[in-house]
Every structure is written in C-alpha cells, then in structure tokens.
Peer 1: 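Mind looking over this structure? Questions follow.
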Amino acid sequence: MLVRKLRLDRTWSQETLAEISGLSIRTIQRGERRERASLETRNAIVAAPEVDLANLTLETEMDVPTLTENEREALEYVRDIKGFYTHAIGYAVGVPLIVMGWYLSGAGHPWFIWPALGWGIGLASHGITVFEVFSPFSPDWERRQVEKRLTRRRG
C-alpha cells in the first residue's frame with residue numbers, strides 16, 4: 001500500500017500521520033513524492049497504530065503498478081495540470097519582471113514584447129496540450145503509427 005493511499009484510507013492528514021509516527025510533515029511529504037526514505041522513516045511510519053508492515057511500501061517507481069489504471073491516469077492528469085499552472089504562474093510573474101527591467105533600463109524600444117510573446121506562445125501550447133483543446137495525435141493515430149513501424153521492421 002502506498003503511504004498516501006494508507007493515509008487517505010484512514011482519513012489522516014499529513015499532520016496526523018506525522019504526529020502519530022513522530023516524523024516531521026516534510027518527511028511525510030517527501031515519502032509521498034517518491035523521494036527515498038531512510039529505514040528509520042519507514043520504521044516510524046510502520047510503528048503508527050493500524051499500520052501493517054507487510055502492506056506498507058513507500059512510493060517508488062516500482063509501486064506505481066499497484067495503482068489502478070484509472071488512479072494512474074488521474075494522477076498523471078493532475079500532475080500535468082499542476083505543471084501547466086506552475087508554468088502560468090511563472091509567466092504571470094516573469095513578464096512583469098521583464099517589463100520592469102526594460103523600464104528601469106531606460107531602453108526606448110519595447111524589446112520585452114518578444115520574450116513575452118514567445119513565452120506566451122509556449123504557455124498557450126502547453127495549455128492546449130494539457131487540456132486537450134486540440135489534439136492532432138489521437139490514440140488512434142498512435143496505434144496506426146505503431147502498426148506502421150512494426151510492419152516496416154518485419155518486412
């Protein structure tokens with residue numbers, strides 16, 4: 001069982017699990033984000049009431065198959081959305097900083113337009129990909145391409 005899944009099944013917050021196990025919240029967060037945990041950390045989590053050592057593993061790449069297909073897809077989608085929002089926040093903070101740099105430099109030509117435009121195009125492309133507004137590469141297209149490659153290699 002994954003640490004996050006264990007915690008949510010028992011309706012524990014990260015703070016609760018940290019308190020029960022005697023670990024810091026940061027350590028619990030690292031364990032849930034697949035960072036390596038020491039043996040002491042694992043033992044502290046296992047020592048928490050209602051936790052069975054046989055069912056507990058920290059989230060690693062090997063543990064991903066224990067998720068159902070729907071859970072894995074949902075997790076991947078949420079991570080994609082998080083990446084897009086992080087990108088959008090970077091744009092919202094970065095462009096005004098670029099404009100401020102242009103203004104403070106006293107440059108006449110508004111050169112900040114070009115990096116803002118390029119970055120904006122990248123952000124729009126990221127959003128289109130994440131939210132699947134327009135997808136020329138459908139699953140059917142992927143299947144046809146794989147079949148085409150396999151046919152070429154056999155012949």
Side-chain angles (χ1 to χ4, degrees), residues 1-19 21 23-38 41-42 44-45 56-155:
M1 178 180 295
L2 304 175
V3 172
R4 180 178 295 131
K5 200 168 187 176
L6 167 117
R7 183 176 59 75
L8 294 175
D9 285 347
R10 288 169 174 73
T11 64
W12 292 344
S13 65
Q14 289 178 337
E15 293 83 5
T16 302
L17 181 56
E19 187 176 310
S21 63
L23 298 170
S24 71
I25 295 171
R26 179 79 177 118
T27 302
I28 300 297
Q29 290 169 343
R30 272 189 251 130
E32 290 187 0
R33 280 195 319 259
R34 298 190 185 109
E35 293 181 20
R36 291 195 180 263
S38 67
T41 299
R42 293 178 190 193
I45 292 172
L56 179 70
T57 58
L58 292 179
E59 295 180 25
T60 64
E61 291 301 320
M62 294 186 315
D63 296 328
V64 173
T66 63
L67 296 173
T68 67
E69 183 68 23
N70 288 340
E71 288 173 329
R72 203 168 42 77
E73 286 177 8
L75 183 60
E76 184 178 324
Y77 183 67
V78 168
R79 286 182 179 156
D80 288 345
I81 291 173
K82 179 182 172 185
F84 171 75
Y85 286 139
T86 302
H87 189 174
I89 290 169
Y91 182 80
V93 171
V95 169
L97 290 174
I98 292 171
V99 172
M100 188 172 24
W102 165 79
Y103 180 76
L104 293 175
S105 71
H109 177 70
W111 54 263
F112 65 86
I113 293 172
W114 301 112
L117 182 64
W119 194 353
I121 290 170
L123 179 62
S125 173
H126 192 174
I128 288 169
T129 303
V130 168
F131 296 108
E132 298 176 359
V133 174
F134 169 71
S135 181
F137 306 112
S138 66
D140 187 49
W141 177 88
E142 289 177 4
R143 183 186 48 76
R144 287 192 316 263
Q145 293 301 315
V146 168
E147 288 173 0
K148 190 162 100 176
R149 289 254 181 238
L150 291 174
T151 303
R152 279 189 202 164
R153 291 187 187 235
R154 288 183 197 143

Peer 1: So does Ser125 get a backbone contact from the side chain of Thr129, meaning a donor-acceptor N/O pair under 3.5 Å?
Peer 2: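 The answer is yes, because a donor-acceptor pair under 3.5 Å joins these two groups.
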Peer 1: Rounded to the nearest 0.5 Å, what separation is found between the CD1 atom of Ile81 and the OG1 atom of Thr86?
Peer 2: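 Taking CD1 in Ile81 and OG1 in Thr86, the distance rounds to 11.5 Å.
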Peer 1: Suppose we screen for side chain to side chain contact (heavy atoms under 4.5 Å, CB included). Which residues come up paired with Glu19, at least two apart in sequence or across chains?
Peer 2: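 Expected list: none.
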Peer 1: Return each pair, listed once, that meets side chain to side chain donor-acceptor pair (under 3.5 Å) where at least one residue sits in residues 103-122; pairs must be two or more places apart or across chains.
Peer 2: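 Every side chain to side chain donor-acceptor pair (under 3.5 Å) pair that includes a residue of residues 103-122, provided the two are not neighbours, is His87-Trp119.
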Peer 1: Between Glu15 and Ile25, which heavy-atom pair has the shortest distance, and what is it?
Peer 2: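 Nearest pair, atom of Glu15 first, then Ile25: CG-CD1, 3.3 Å.
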Peer 1: May I ask you to decide if the ring planes of Phe131 and Phe84 are parallel, tilted or perpendicular, using 30° and 60° as cut-offs?
Peer 2: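 Correct class here is perpendicular.
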Peer 1: So, for Val130 and Tyr77, which heavy atoms are closest and what is the spacing to 0.1 Å?
Peer 2: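 Residues Val130 and Tyr77, closest heavy atoms: O-CE1, 3.6 Å.
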Peer 1: For Val93, which residues count as a side chain to side chain contact (heavy atoms under 4.5 Å, CB included) partner, sequence neighbours excluded?
Peer 2: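 For Val93 the side chain to side chain contact (heavy atoms under 4.5 Å, CB included) partners, ignoring immediate neighbours, are Ile89, Leu97.
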